[in-house]
Amino acid sequence: MPEGHSIRHLANVFEETLVGEKVKVASPQGRFQAEADALNDKTLESVTAHGKHLFLHFGDDKNVHIHLGLYGWLYFDGDPATESTRMRIEGNGTAANLIAPTACQLWTDEQVEDKKLSLGPDPIHADSDPDRAWVKLKKSSKPIAALVMDQSVIAGIGNVYRAEILFMTKTMPFTPGKETTEAEFSEIWDLSRALLRDGSRDGKIRTVAKNHLYGDEVRLHGCAHFSYVYKRSEESCRICRSRVQQAPLAGRTLYWCPSCQS
DNA sequence: TGAGTATGTTCAG
DNA sequence: TGAACCTACTCAT
């Protein structure tokens, strides 16, 4: 479900509610019980996000690594824990309930650092270095549409942002990375940063300009979103009216406009 | 109500 | 490359 903007948004919610608090940690589902016992009554010192990975730091070499994967989500605002809640963190009159994550692990500081080093730069961070992504991209013969979603190249972009960013920058998605110019990459990086930051404010993806807002919305897990091309392969391009195309690429469905992105 | 699909990653073959 | 993970939503029946 989530791309990098959602993870940054969830980190913000943690910072507003539970960071600095002595918390109760539990695992109603049981699969995180031993780890929860080790964290119970500790203070949640800080929370960091890198790409689609979320890290809860408890000090004393104890951190929780969370990856929501395809199904996972974190519910706040006092929603009651259910028997499928992998981890529940409670304090300060609120609670976070973690449901169906791909990963929920107790990690050392070293494990956290190793994971962050394995990921590409995250455009949402002011101090991330786009050159690390550019060096990898310009060496690769893989299509740009595979590279921008490769978390070891750029961390945080998923299938929705991939389609929308390549459309908005008029990038032909099958262009090999090594044929991309530095100016084209800079445009992709800058737009990624702007869109991820904007989306992280409320956890929603916003890409379509006001003057292009018409027609049907795309439903993303119960929420309505407008998109330029994502999931619009039965419809016409908002700009040129060509039929939006779809094809599998890098294991996911890619959407693009063959006229605007040529 | 059941089939199909999905903002993702890892691992086996 | 495909299966597994195993939830929530959409759509057809």
Side-chain angles (χ1 to χ4, degrees), chain A residues 1-11 27-32 49-55 65-75 79-88 96-105 107 111 114-116 118-120 122-124 142-143 145-168 173 191-192 195-208 216-235 246-256:
Chain A
M1 294 193 280
E3 301 191 22
H5 70 297
S6 301
I7 305 306
R8 183 61 253 170
H9 175 69
L10 289 168
S27 179
Q29 181 204 43
R31 285 176 61 181
F32 195 65
H50 194 115
K52 301 169 188 172
H53 298 256
L54 184 65
F55 303 94
H65 165 240
I66 295 170
H67 195 294
L68 295 176
L70 184 55
Y71 313 123
W73 194 245
L74 268 158
Y75 296 91
D79 288 327
T82 70
E83 57 187 29
S84 61
T85 300
R86 179 78 60 87
M87 178 181 68
R88 176 177 171 85
N97 290 295
L98 175 64
I99 307 292
T102 284
C104 175
Q105 301 154 303
W107 274 8
Q111 286 175 297
D114 285 350
K115 172 52 75 177
K116 288 183 177 178
S118 76
L119 295 166
D122 181 346
I124 219 165
K142 289 182 185 171
L147 292 165
V148 296
M149 216 171 64
D150 182 337
Q151 300 302 297
S152 70
V153 178
I154 300 176
I157 295 175
N159 203 25
V160 180
Y161 278 122
R162 163 174 82 165
E164 298 292 284
I165 288 166
L166 294 181
F167 175 84
M168 294 169 80
L191 181 62
S192 302
L195 292 178
L196 285 166
R197 283 183 177 173
D198 182 59
S200 73
R201 283 193 214 116
D202 58 4
K204 290 181 180 173
I205 296 174
R206 270 185 301 274
T207 56
V208 179
D216 293 334
E217 297 165 321
V218 170
R219 303 292 295 182
L220 296 177
H221 263 262
C223 294
H225 294 256
F226 280 99
S227 67
Y228 278 113
V229 288
Y230 178 75
K231 274 199 173 175
R232 296 190 78 245
S233 51
E234 297 301 313
E235 299 173 63
Q246 75 168 68
L249 199 151
R252 315 298 299 282
T253 304
L254 169 71
Y255 302 86
W256 80 101

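In this text, all values refer to a predicted model and were calculated from it rather than measured experimentally. Side chains included, hydrogens not; waters and symmetry mates left out as well; all remaining heavy atoms used. Every chain is numbered from 1, with letters handed out A, B, ... down the list of sequences.
Between A/Ile157 and A/Asp150, every side-chain heavy-atom pair lies at or beyond the 4.5 Å cut-off. Between A/Trp73 and A/Leu68 the shortest side-chain heavy-atom distance falls below 4.5 Å. Using a 4.5 Å cut-off on side-chain heavy atoms (C-beta onward), A/Arg8 and A/Leu196 make no contact.
When distances are taken from the side chain of A/Tyr75 to each of B/dG8, B/dT7, C/dA8, the shortest belongs to C/dA8. Counting only heavy atoms from C-beta on, A/His5 has its side chain closest to B/dT7 among B/dT10, C/dC5, B/dT7. Taking every side-chain heavy atom of A/Thr102 into account, B/dG8 is the closest of B/dG8, B/dT10, B/dT7. Set against B/dA6, B/dG8, C/dA8, the side chain of A/Thr253 has B/dA6 as its closest nucleotide. Relative to the side chain of A/Asn159, the nucleotides B/dT9, C/dT7, B/dT7 differ in distance, and B/dT7 lies closest. Taking the side chain of A/Lys52 as heavy atoms from C-beta on, and the options B/dT7, C/dT7, B/dT9, the nearest nucleotide is B/dT9.
With both ends at atom P, the span from B/dT5 to C/dT13 equals 14 Å, rounded to whole Å. A gap of 22 Å separates the C1' atoms of C/dT1 and B/dT7, to the nearest Å. Rounded to whole Å, the separation between the P atoms of B/dG13 and C/dC5 comes to 14 Å. Look at the P atom in both B/dG4 and C/dA3: the space between them is 15 Å, to the nearest Å.
Taking a 6.0 Å sphere around NZ of A/Lys116, one finds it holds more than 12 heavy atoms contributed by other residues, nucleotides or ligands.
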Could you list the protein-to-nucleotides 1-3 of chain B atom pairs, N/O on both sides, closer than 3.5 Å?
none

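Counting any heavy atom pair closer than 4.0 Å across all strands shown, A/Tyr230 reaches sugar-phosphate atoms only and no base atom. As judged by a 4.0 angstrom heavy-atom cut-off over every strand, A/Arg31 is placed among residues touching the sugar-phosphate backbone only. Among the atoms of the strands shown, only primed sugar atoms or phosphate atoms (P, OP1, OP2) are found under 4.0 Å from some heavy atom of A/Lys231.
When rounded to the nearest whole Å, the span between NE2 of A/His53 and P of B/dT7 equals 17 Å. Atom pair A/Arg86:CZ and C/dT7:P shows a separation of 10 Å (rounding to whole Å applied). Taking atom CD1 on A/Ile157 and atom P on B/dG8, their separation rounds to 11 Å, with Å as the unit. Rounded to whole angstrom, the span from the NE2 atom of A/His67 across to the P atom of C/dA4 amounts to 21 Å. Taking atom OH of residue A/Tyr71 and atom C1' of nucleotide B/dT7, one finds them 13 Å apart after rounding to whole Å. Atom OH of A/Tyr255 and atom C1' of B/dT5 are 9 Å apart (whole Å). A/Lys115 has its NZ atom 10 Å from the C1' atom of B/dT10, to the nearest Å. Put simply, CD on A/Glu3 is 10 Å from C1' on B/dG8, counting in whole angstrom units.
Contact check, A/Arg252 against B/dG8: a side-chain N or O comes under 4.0 Å of OP1 or OP2.
Put simply, the residue from A/Tyr228, A/Phe167, A/Tyr230 that forms a ring-ring contact (aromatic ring centres under 6.0 Å, His included) with A/Tyr255 is A/Tyr230.
Taken to the nearest 0.5 Å, the CD1 atom of A/Ile7 stands 10.5 Å off from the CZ atom of A/Phe55.
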Inset, instruction - Run the numbers on A/Tyr161 and A/His5 for ring pair (Phe, Tyr, Trp, His ring centres under 6.0 Å), then give the verdict. - result: CA-CA 10 Å; A/Tyr161 278 122; A/His5 70 297; 5.2 Å; yes

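Relative ring orientation between A/His53 and A/His67 is described as perpendicular, the plane-to-plane angle rising above 60° on a 0-90° scale split at 30° and 60°.
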